[in-house]
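The block underneath contains the structure these notes are about, expressed in structure tokens.
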Amino acid sequence: MVLRLMISLVAIFGLASVAAAQDQICGGIGDDGAWAGGDAETSDIATASAPFDVSGVSARGENIVTLFAVSETAQVRLEAQPTDGGDTVIELFGDAGARILTDDDSGEGAGSMAETELAPGTYCLVTSSYSGAGQTADIRVGLTSHEPMRPGTETSVSQACAPGAEAADLHDGPIAGLSGEGLSATASVRQTPAYRFTLAEPMAMTIYAEGTPADPVLHLFDGDGALLGENDDADGRNARLDFPAALPAGDYCIGLRALSDENAPVRVSLVPHSVEAVLSRLYATGKAAPPPGSDHPVMALGAADGRLIEDVVLDKDAVWLRFSVPASGMMVIEAVALGDIDPAITLFDELGRTIMHNDDVGQGNTDSLIATRIATGDYLLAVTRIEDGVATPVRLAIERFVPAGKSIDR
């Protein structure tokens, strides 16, 4: 009976083993992926004269995985455009399976787009459906110097930050330093689509655009109107740009878009950049797992023998749980809302590699479910929420299945 259940789960969810060998692509994420250029030798985007275009199709709950290589440091643009009226989400993973970025709606309409600098290595671009349904999408892996797949909706932002265009002042006069919570301003994107500021000296900083109902997209331009960076969903539906290498003294402009509600408030902040603050933010948003010995709060559940059920209260920050698996088998994890909340769950191994993420079980069901084969070891589970709201309970069920004939505690 247990064996039949395991086989059924494998058939339904297309599960992959996480007992990863060292040569697995992106920690096993790319094992069933397709090379963007046809094969590994012809999929180096750093030397490509044109972008790689791929058409992908996935069934309910499955992902489209596109592999590509980077032979030398390059500025890369990643795009996915739904062709069936759906809503794409993209995630980029590196050699070891660590998630580098994620984006939902920075492309045209419900399409996805992200730009980033990548070091030499092999990468896996995962395209999925926001609703968890099947997805048909056009996918492009290119350099930022290549033509984008779609014109996008960046024109109004660029115009708002063009040299000479009117924009609100974030600070009265040049900024000579940042401390504490830095500088901030709050307004709707319709009211204030752009802010200008001047740095009196080079400065390392982090820029935030926060306002979940608005779902802001953040852009930074220099004084000549050149785009320096952009982000959509670094922190849930909030946006963040990090500049650990100091921005030079000079003029800058922050341009904003709202993907959901232009009349909802968005808080724009400039804060001092620090490694500690960045890590704390990643842990709080469930984007990265706190290491053993960290001061970040983690609930210890002990060994996952049979079934564990735990209620947690989910507020703004992620709730972290740690458990151990005494023997390999099939793991099923569910997050069930006990109120008006849309939970999401992400499973990490003990080194912080992302194993699996799920937001919605399926169309019309906002509960979350992960089902995967799992090896002996320690694991962390991040429970997050999609929308802001009051603190609300979520019930977690963690269940381990073993092949027929084996004891559950072996």
R385 (side chain) donor-acceptor with L314 (main chain) under 3.5 angstrom: yes
Verdict with supporting geometry, I374 and L347, side-chain contact (heavy atoms from CB on, under 4.5 Å): CA-CA 11 Å; I374 202 163; L347 182 64; 4.0 Å; yes
Over all atoms of both residues, closest heavy-atom pair of D360 and T366: OD1-CA, 3.2 Å
Pairwise disulfide bond (SG atoms under 2.5 Å apart) hits with a residue in residues 248-354, at least two apart: C161-C253
Residue pair I254 / L270, side-chain heavy-atom distance below 4.5 Å: yes
Among T127, T88, D87, the one residue meeting side-chain hydrogen bond (donor to acceptor under 3.5 Å, both in side chains) with S112: T88
Pairs of donor and acceptor atoms involving the side chains of residues 95-102, under 3.5 Å and at least two apart or interchain, shall be tabulated with distances.
| residue | atom | partner | partner atom | Å |
| --- | --- | --- | --- | --- |
| D95 | OD1 | T122 | N | 2.7 |
| R99 | NH1 | E91 | OE2 | 2.6 |
| T102 | OG1 | I90 | O | 3.1 |

Pair V332-F401, side-chain contact (heavy atoms from CB on, under 4.5 Å): steps then yes or no: CA-CA 8 Å; V332 178; F401 299 91; 3.7 Å; yes
Check: H146 main-chain N/O paired with R77 side-chain donor or acceptor under 3.5 Å: yes
Closest approach of I341 to P393 (non-hydrogen atoms, all atoms of both residues): CG2-O, 4.4 Å
Note, M205 side chain near L199 side chain (heavy atom, < 4.5 Å): yes
Partner residues of F197 under the ring pair (Phe, Tyr, Trp, His ring centres under 6.0 Å) criterion, sequence neighbours left out: Y252
Under 3.5 Å side-chain donor-acceptor pair for D138 and Q81: no
Heavy-atom pair of closest approach, residues Y379 and I355: CE2-CD1, 3.4 Å
N231 side chain vs L218 backbone, donor-acceptor pair below 3.5 Å: no
Minimum-distance pair of heavy atoms, taken over all atoms of A200 and A176: CB-CA, 4.2 Å
Donor-acceptor pair, side chain of T285 and main chain of L282, under 3.5 angstrom: yes
Residue pairs involving residues 48-58 (criterion salt bridge (charged side-chain N to carboxylate O under 4.0 Å, His left out); sequence neighbours excluded): D53-R140
Distance in Å, I333 CD1 paired with L381 CG, rounded so as to fall on 0.5 Å steps: 5.0 Å
Interatomic spacing from CG in N63 to OG in S128 - rounded to 0.5 Å: 5.0 Å
Residues V319, V313; criterion side-chain contact (heavy atoms from CB on, under 4.5 Å); working and verdict: CA-CA 8 Å; V319 172; V313 177; over 6 Å; no
Side chains of F323 and R400 in contact at under 4.5 Å (non-hydrogen atoms): no
Over all atoms of both residues, closest heavy-atom pair of A36 and F68: CB-CB, 4.3 Å
Partners passing side-chain hydrogen bond (donor to acceptor under 3.5 Å, both in side chains) against D311 (at least two apart in sequence or in another chain): R395
D295 atom CG: more than 12 heavy-atom contacts under 6.0 Å: no
Heavy-atom pair of closest approach, residues M331 and E399: SD-O, 3.3 Å
Under the ring pair (Phe, Tyr, Trp, His ring centres under 6.0 Å) test, residues paired with Y208 that sit two or more places apart: none
Chi angles and distances behind the side-chain contact (heavy atoms from CB on, under 4.5 Å) call for D367, L369: CA-CA 7 Å; D367 293 337; L369 184 147; over 6 Å; no
